[in-house]
Number of protein chains: 2
Amino acid sequence: MAAVRNGVAGGRRPTLEQVARLAGVGRGTVSRVVNGSPRVSAHTRELVEDAIAQLGYVPNRAARALAAGTTDAVALVVPEQETRFFAEPYFSGILRGASAELAEHDMQLLLTLIRNERERDRFTQYAASHRVDGALLVSLHADDPLPDLLAEHGLPAVLNGRRSSDESMPYVDTDNAAGARSAVGHLLDGGRTTVATITGPPDMYVARCRADGYREALRTAGRGVDESLLVQGDFTEEGGHRAMRRLLAAEPSLDAVFCASDVMAAGARLALREAGRSVPGDVALVGFDDSAIARHMDPPLTSVRQPIDEMGREMVRILLSLREREPAEARPVRASAQPEPDEPQPPRRVLPTELVVRSSS
Amino acid sequence: MAAVRNGVAGGRRPTLEQVARLAGVGRGTVSRVVNGSPRVSAHTRELVEDAIAQLGYVPNRAARALAAGTTDAVALVVPEQETRFFAEPYFSGILRGASAELAEHDMQLLLTLIRNERERDRFTQYAASHRVDGALLVSLHADDPLPDLLAEHGLPAVLNGRRSSDESMPYVDTDNAAGARSAVGHLLDGGRTTVATITGPPDMYVARCRADGYREALRTAGRGVDESLLVQGDFTEEGGHRAMRRLLAAEPSLDAVFCASDVMAAGARLALREAGRSVPGDVALVGFDDSAIARHMDPPLTSVRQPIDEMGREMVRILLSLREREPAEARPVRASAQPEPDEPQPPRRVLPTELVVRSSS
DNA sequence: ATGTACCTTGGGAGCGCTCCCAGTTGTGAT
DNA sequence: ATCACAACTGGGAGCGCTCCCAAGGTACAT
């Protein structure tokens, strides 16, 4: 590799040192100016800024990372067994929100898809080598060891969605129960009498929340909850299809269904069509997520919208606030059950949902 | 991976130096082992590997980046005026493919969404500070200055899709004309007589290619091309809707339409429904992209699939090969029109498409 | 004047790694 | 035994930045 590093003229990128020389000041001063420290006189600052502009100086991030032990980058980690997650606007919403918020803080987003054991190890190593200042964890399964691994390495992390009702890590979630309540309430308000629901897998907390919301809405309306009207799906179209067929067979008088996801609603819609039931004439349908699918269904699907972009943004905000609390240094592994006095509990945020009414209900 | 990460003296992460001390060798030797250099005796290598395992050593990437001038990360850049791009499986496919290929090379993916001027500047700076070894550019407009800016900074880049027929940069594209030909050929084979097309904006090369494919297919079948059957859309649903209405008004006898994107096909479908035309009975419909929308339309849409994952992978492969040709060092800005003897022309790759036949045709 | 307190400033000391040049050792040929 | 040559190995010299301490200035009170 015969790299001729510096051409005679204009080859290499200018360094702090060169800026300092040109401005006639010391390195430290330039560093202060670049980092916006207030401890620089106005006059000197101007001098340095001129030199920076003249040279087109851009700080070398690698050097900064090495010297300061901070990287100005966070990882967005997506365990990706489920392609589902990926194609959904959900993902892109998180991405967009997180990216926008990070940009405002002049930080970078590292995207990490974890497909298998090997890639998880790879990421753990990466985190261990402190190439990122924190991690946003998305679509995590309850038994994923990743959060613990990160905590062990002293890397701050924020979850998207709780893994259980007593989530111990910082998280951002939507109010799934409230969303479900509004959906079911809407169906009842519309005069529907027999409202069923197609749920997600019960080992997912989000699915339980939505099912609970369904029950609460019925109780609030003074109706009893017929557990046979809760049928389990798995967040896939095929699962929604099966669930709907089962419902139709068991409960012919059914006139409304709340599906815990749009994708399942699409499957349910198909089953209804096959059974010759019209939507919303015979059966009203409501989904969850307000995805592209919802808009393109026939008829367009009423659905519960989550403020996804905002979730992404909020995750970043929390992550950054975390960083301020505990310096990026690897802290000793401490019993996580024992919070410190000035850190009463991990920050968390639950965002509201909104019902988008379309013609399926 | 029960690495005993920190010996008695907890706290900091082990360094090369510590590994060297423990193994009783020099820093250079450990570095060689870590980087898989062959110039180390088997015995010494074993010694070092033991020490690494014992200490749970993970190289500090920031230090490596600084010392070696290389970062083991590439940026995926998405100028995002068009949300379209983002929700589509197209994006996630590229992402998935690129991520998988990068993981195999132990490299990281930096995702950069560029929403405005400010963010573009930010990225340019970032690239200039050499925090990435290269860039994957996706969904670029023909007049985007980004490629030139990157070239100026000596940062290798690969495009997704050509900007014109004589693209000067390395790129990966699909054979859009061939895809269109197969779609239109399929419609003709099905006995359709009056086949129209809804095109994309003519200032996008991809749109022109698909329109050309449409023409070629007609000619190949021995039919003339009636230019009034080419109606311009803009890759949005609304545009597809408008275009279809125009077509229906101008050409009542029409019995097939090839849409240059699924999204436009969805709009067209709506217009057909409004006009009381059945699909595929009265009018056959074919889209392009094979997106989620295609599968969920009623009836499911026949569409042209592109090997998107593979495109992402291939982009990374090309980028890495580029890196080998020209060392990451900032090379002197050279006249780009003057290729070097050992670098005849930028690498490029055009991948084949596949027609996915569903019930809309 | 002298002292005190507070700012600003320069620059040494690393951060952990790679590069590369000697130095050391081992091998085979003379 | 001697020499040439190759194969290993150690460690100095940075990479460009931040951190931090001490030096120098300035302003005000004593």
Side-chain angles (χ1 to χ4, degrees), chain A residues 1-6 11-48 51-52 55-72 128-131 133 327-330, chain B residues 11-48 51-52 55 57-72 125 128-131 133 327-330:
Chain A
M1 179 160 57
V4 180
R5 292 187 165 245
N6 36 12
R12 286 203 74 65
R13 213 162 304 294
T15 72
L16 242 204
E17 184 89 42
Q18 291 170 33
V19 174
R21 223 146 39 206
L22 178 60
V25 301
R27 265 182 6 261
T29 304
V30 178
S31 175
R32 261 160 294 204
V33 170
V34 169
N35 295 295
S37 158
R39 323 175 91 9
V40 183
S41 72
H43 176 245
T44 309
R45 160 167 289 118
E46 203 171 309
L47 238 49
V48 172
I52 287 177
L55 254 37
Y57 169 73
V58 179
N60 179 322
R61 298 256 196 162
R64 180 179 283 175
L66 178 59
T70 193
T71 64
D72 291 345
S129 77
H130 271 246
R131 280 275 303 228
D133 291 344
E329 291 307 320
Chain B
R12 292 207 70 67
R13 211 163 304 293
T15 70
L16 243 204
E17 183 90 43
Q18 290 170 33
V19 174
R21 223 146 41 207
L22 178 61
V25 301
R27 268 185 1 264
T29 303
V30 177
S31 176
R32 259 157 284 184
V33 170
V34 169
N35 294 296
S37 157
R39 326 179 76 30
V40 182
S41 72
H43 176 245
T44 309
R45 160 166 288 119
E46 201 170 309
L47 237 49
V48 172
I52 288 176
L55 253 36
Y57 168 73
V58 179
N60 178 323
R61 298 254 197 163
R64 179 180 284 177
L66 179 58
T70 194
T71 65
D72 292 344
Q125 282 224 342
S129 79
H130 271 246
R131 281 275 304 227
D133 291 345
E329 292 307 321

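Order of the sequence lines sets the chain letters (A, B, ...), proteins ahead of strands, with each chain counted from 1. Only heavy atoms go into these numbers, but all of them, side chains included; no hydrogens, no water, no symmetry mates.
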Colleague: Could you state the atom-to-atom distance from CG of A:Leu16 to P of C:dT9 in whole Å?
Modeller: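 A:Leu16 atom CG is separated from C:dT9 atom P by 15 Å.
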Colleague: Under the side chain to side chain contact (heavy atoms under 4.5 Å, CB included) test, which residues partner B:Glu46, sequence neighbours left out?
Modeller: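 If we apply the side chain to side chain contact (heavy atoms under 4.5 Å, CB included) test to B:Glu46, skipping adjacent residues, there are no hits.
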Colleague: Starting at atom CG of A:Leu22, determine the distance to atom P of C:dG10, rounded to an integer number of angstrom.
Modeller: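 After rounding, the reported distance stands at 14 Å.
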Colleague: Could you give the CD-to-P distance, from B:Gln18 to C:dG16, as a whole number of Å?
Modeller: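 Distance check: B:Gln18 CD to C:dG16 P gives 8 Å.
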Colleague: Between B:Leu66 and B:Pro38, which has a closest nucleotide on DNA chain D that is more 5'?
Modeller: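 Nearest-nucleotide comparison on DNA chain D picks B:Pro38.
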Colleague: My understanding is that only residues two or more places apart in sequence, or in another chain, count here; which of them pass salt bridge (charged side-chain N to carboxylate O under 4.0 Å, His left out) with A:Arg61?
Modeller: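 For A:Arg61, the residues satisfying salt bridge (charged side-chain N to carboxylate O under 4.0 Å, His left out) (neighbours in sequence not counted) are A:Asp72, A:Asp106.
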Colleague: What are the atom names and distances for every N/O pair under 3.5 Å that joins the protein to nucleotides 9-12 of chain D?
Modeller:
from, atom 1, to, atom 2, distance (Å)
D:dT9, OP1, B:Ser41, OG, 2.9
D:dT9, OP1, B:Thr44, OG1, 2.2
D:dT9, OP2, B:Ser41, N, 3.0
D:dG10, OP2, B:Gly26, N, 2.8
D:dG10, OP2, B:Thr29, OG1, 2.7
D:dG10, N7, B:Arg32, NH2, 3.2
D:dG10, O6, B:Arg32, NH2, 3.4
D:dG12, N7, B:Arg27, NH2, 3.3
D:dG12, O6, B:Arg27, NH2, 2.7

Colleague: Rounding to an integer number of Å, can you tell me how far A:Asn60 CG sits from C:dC15 P?
Modeller: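 Nearest whole value for this atom pair: 18 Å.
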Colleague: Write out all pairs satisfying salt bridge (Lys or Arg N to Asp or Glu O under 4.0 Å) with one or both partners inside residues 30-39 of chain A, taking only residues at least two apart or from two chains.
Modeller: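 Output for this query is empty, none listed.
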Colleague: According to side chain to side chain contact (heavy atoms under 4.5 Å, CB included), who are the partners of B:Leu66, at least two apart in sequence or on a separate chain?
Modeller: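 For B:Leu66 the side chain to side chain contact (heavy atoms under 4.5 Å, CB included) partners, ignoring immediate neighbours, are A:Asn60, A:Ala62, A:Ala63, A:Leu66.
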Colleague: With each end axis built from five pairs of C1' atoms, what bend angle do you get for the helix from C:dA1-D:dT30 to C:dT30-D:dA1? Round to 10°.
Modeller: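 Axis angle across the helix from C:dA1-D:dT30 to C:dT30-D:dA1, nearest 10°: 50°.
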Colleague: Among residues at least two apart in sequence or on other chains, which ones pass side chain to side chain contact (heavy atoms under 4.5 Å, CB included) with B:Thr44?
Modeller: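 Result, side chain to side chain contact (heavy atoms under 4.5 Å, CB included) vs B:Thr44: B:Val25, B:Thr29, B:Val40, B:Ser41, B:Val48.
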Colleague: Which heavy-atom pair separates A:Leu16 from A:Arg27 by the least distance, and what is that distance?
Modeller: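 Closest approach of A:Leu16 to A:Arg27: CD1-O, 4.0 Å.
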Colleague: Would you mind reading off the distance between B:Arg64 atom CZ and C:dT18 atom P, rounded to a whole angstrom?
Modeller: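 My rounded result for the distance is 5 Å.
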Colleague: Looking only at heavy atoms, which two atoms of B:Thr15 and B:Tyr57 are closest? And how far apart?
Modeller: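 That would be C-CE1, 3.6 Å.
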Colleague: When the distance from CZ of A:Arg61 to C1' of D:dT18 is rounded to whole Å, what number comes out?
Modeller: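 Distance check: A:Arg61 CZ to D:dT18 C1' gives 15 Å.
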Colleague: Using the test side chain to side chain contact (heavy atoms under 4.5 Å, CB included), find all partners of A:Thr71 that sit at least two apart in sequence or belong to another chain.
Modeller: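 Side chain to side chain contact (heavy atoms under 4.5 Å, CB included) list for A:Thr71, sorted by chain: A:Ala65, A:Ala73, A:Asp133.
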Colleague: Not counting sequence neighbours, which residues clear side-chain hydrogen bond (donor to acceptor under 3.5 Å, both in side chains) with B:Ser31? List them please.
Modeller: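 side-chain hydrogen bond (donor to acceptor under 3.5 Å, both in side chains) check on B:Ser31 returns B:Asn35.
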Colleague: Tell me whether the OP1 or OP2 atom of C:dT18 has a side-chain N or O from B:Asn35 closer than 4.0 Å.
Modeller: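 True: B:Asn35 side-chain N/O within range (under 4.0 Å) of C:dT18 OP1/OP2.
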Colleague: Without decimals, in angstroms, what is the distance between B:Arg13 CZ and C:dC17 C1'?
Modeller: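 These atoms are roughly 15 Å apart.
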